[in-house]
Amino acid sequence: MPSNTVLDPHGAADAVPAEAVTPLIRGVAVLRALTEAGGTLSPSGLERATGLARSTVDRITSTLARMGYVRLDGRDAVLAPRLMELGNAYLSSLRLPALLGSHADALADELDESVSLAVGDRDGIRFIHQATRRRAMSLSFRIGDLLPAERTAPGPLFAAEWTREERESWRARRAADPEDRGFPAVPPREHRDSDGEFERRAAQAGRDGWALDDQLIEPGLVAVSVPVRDPRTDRIACVASVVSHTSRHTATDLHDTLLPRLRAAVAGMERELAGAAGAEPGPPPSGLATWTGASKQELGREFVESLARGLTVLTAFGQGRAELTLTQVATATGLARATARRALLTYEHLGLVAPGPHRAFVLTPRVLSLGFPPLSRTSLPRIAGPHLAELAARVEESAGLAVLAGEEVQYTARAGAGRVMSVDITVGTRLPARATSLGRVLLAGGPDVTDPVLTDVRTRGYALVDEEWEEGLRSVAVPVRDRAGAVVAAVNVALHAARRTVEECVRDVLPELTATAARIEADLRVAGRFTRVPLS
Ligand code: PHB
């Protein structure tokens with residue numbers, strides 16, 4: 001790697017190859033800027049963060065919006081859950097989360113401490129799995145977060161395998177970014193440790209086969225880490241860490257009490273990797289024809305086709321499709337070879353794709369920098385919010401999302417109709433489940449339903465109730481299902497009985513409601529593939 005690349009910890013400062021696709025470089029810059037800003041930026045914020053002209057920013061955000069990767073909220077651009085399909089492509093091609101995630105989860109349960117898996121990402125570490133305990137004391141990192149290697153426990157283990165060039169680029173980054181501003185997930189560096197200190201830790205970690213983080217990120221946060229080796233190459237595939245707080249364990253006692261159990265769990269992970277059969281190829285990417293087949297007229301004048309085509313290249317990768325040749329990428333995406341080649345070249349330049357074995361290409365962990373950290377902090381109410389607002393505007397009635405809380409339903413998201421006479425219930429409101437359409441849908445989704453009212457709801461797929469708890473109120477609800485098909489929430493439209501008859505509710509409102517539930521479910525499937533999405 002030429003030494004100038006490290007001066008910009010985020011992007012390549014290498015000369016841009018002549019054949020690189022400029023709109024793709026710009027689109028990636030917009031996605032990264034939004035990610036670093038926590039998910040939302042105004043157009044002028046995007047101009048400042050990317051250095052692009054306003055008209056370019058507008059064309060890029062409207063293209064990303066058309067692809068479902070961002071949402072335009074007034075003038076602001078907001079990252080949308082669908083964007084997580086890019087990070088999912090990397091995580092499913094890597095296979096480690098699928099193979100080792102349950103081992104990490106079991107260890108977290110056994111120890112009642114957070115357990116994470118991280119891969120090396122140049123001179124940083126990036127999380128690919130988190131089994132997090134909910135605790136108030138310290139920050140917790142999410143899948144996709146990037147940390148500077150020297151402020152972590154996994155870092156020295158990866159650094160023990162660094163080449164001389166990699167060590168040099170690490171030093172140059174430290175000098176160019178003394179406060180770790182290039183790592184938005186961590187508080188600024190305060191401790192002025194010498195480069196030599198980390199190099200000693202790396203050498204020690206290489207000898208010991210474990211490493212500690214004694215409050216290198218923030219006071220109180222401690223971690224112990226062990227490498228998980230790929231049985232085929234004997235190189236580090238990822239590093240498993242147990243993370244705790246000094247109120248429960250000092251760093252020394254993490255080593256004394258928890259390291260043996262972490263080691264046993266890692267031995268199990270390595271057996272899992274040794275026994276894993278070749279990955280079955282997953283389904284081919286979908287939705288590609290939309291950009292490749294649709295006419296300019298359908299897509300709109302603002303639509304930047306080369307950006308859309310380029311982004312679909314990332315989704316060609318996945319489970320059983322970790323290493324793809326140019327021909328395979330072109331076949332999977334339906335793009336012309338020359339187009340696919342230029343996109344791959346652009347991604348290689350951006351550090352999102354790397355050369356793999358046998359003239360193939362692989363995705364790099366940096367793909368997770370395209371939206372994953374802020375989006376993996378989302379929840380079902382936040383996913384549902386924009387869809388409810390759209391529904392409310394369409395049917396001109398208020399819409400809501402609720403979950404079951406014992407014998408009651410609790411509203412977790414709402415969107416008003418913007419009329420004076422609409423039904424107004426605030427988030428957090430609880431109502432008796434049995435008396436509401438939301439509750440009936442949720443109860444009907446449960447196991448062993450025998451009640452005839454609920455079996456009827458189950459058969460129809462919706463509930464329509466002239467609400468017993470408020471006279472003159474009519475409400476229709478449908479279920480929201482998770483990836484596994486379990487009913488996890490319900491959406492409804494509530495209106496005054498005088499506004500629509502029961503028949504009109506079924507004819508006009510129900511199809512809109514069903515379409516809304518399908519959109520929420522689609523987002524939930526993408527967001528919930530590798531992260532746990534809180535339901536409230
Ligand atoms: C984490 O999983 O949050 C973690 C792991 C290792 C560290 C710090 C934090 O050194």
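Numbering of ligands and ligand atoms starts at 1, following listing order.
Here Ile217 has side-chain heavy atoms under 4.0 Å from ligand 1, and that is the only part of it that gets that close.
In this structure, Ser140 has no heavy atom closer than 4.0 Å to ligand 1.
Of all protein heavy atoms, the one closest to atom 3 (O) of ligand 1 is Phe141 CD1, 3.3 Å.
Proximity to Val243 (heavy-atom distance under 4.0 Å) selects the following atoms of ligand 1: 1 (C), 2 (O), 3 (O), 4 (C), 5 (C). Near Phe127, meaning under 4.0 Å from any of its heavy atoms, are these atoms of ligand 1: 1 (C), 2 (O), 3 (O), 4 (C), 5 (C). Residue contact check: Thr152 has heavy atoms under 4.0 Å from atoms 10 (O) of ligand 1. Atoms of ligand 1 lying under 4.0 Å from at least one heavy atom of Ser116, given by number and element, are 1 (C), 2 (O), 5 (C). Listed by atom number, the atoms of ligand 1 under 4.0 Å from Ala223 heavy atoms are 6 (C), 7 (C), 10 (O). Close contacts of ligand 1 with Pro154, meaning ligand atoms under 4.0 Å from a residue heavy atom, involve 6 (C), 10 (O).
Side-chain atoms of His103 and Glu272 include a donor-acceptor pair closer than 3.5 Å.
Ring geometry, Trp170 versus Phe198: the interplanar angle falls from 30° to 60°, so the pair is classed tilted.
A salt bridge does not link Arg32 to Glu36: none of the charged nitrogens lies less than 4.0 Å from a carboxylate oxygen. Asp195 has no carboxylate O lying under 4.0 Å from a charged side-chain N of Arg167, or vice versa, which leaves the two without a salt bridge. Between Asp145 and Arg377 there is a salt bridge, since a side-chain N of the basic residue sits under 4.0 Å from a carboxylate O of the acidic one.
Residue Asp213 has at least one N or O atom closer than 3.5 Å to an N or O atom of ligand 1. Taking only nitrogen or oxygen atoms, main chain and side chain alike, Gln130 reaches within less than 3.5 Å of ligand 1. Close N/O approach between Ala153 and ligand 1 is found [any backbone or side-chain N/O within under 3.5 Å]. Taking distance alone, with nitrogen or oxygen atoms compared against 3.5 Å, Arg151 stays at or beyond that limit from ligand 1.
Without hydrogens or angle criteria, Glu166 side chain to Thr163 main chain gives a donor-acceptor distance under 3.5 Å.
When the options His245, Arg133, Arg248 are evaluated for a side chain to side chain donor-acceptor pair (under 3.5 Å) with Glu113, the one that passes is Arg248.
From Phe183, atom CZ reaches atom CG of Asp177 across 6.5 Å, with rounding to the nearest 0.5 Å.
By the neighbour-count criterion of 12 heavy atoms within 6.0 Å, atom CZ of Arg483 is densely surrounded, having more than that number from other residues, nucleotides or ligands.
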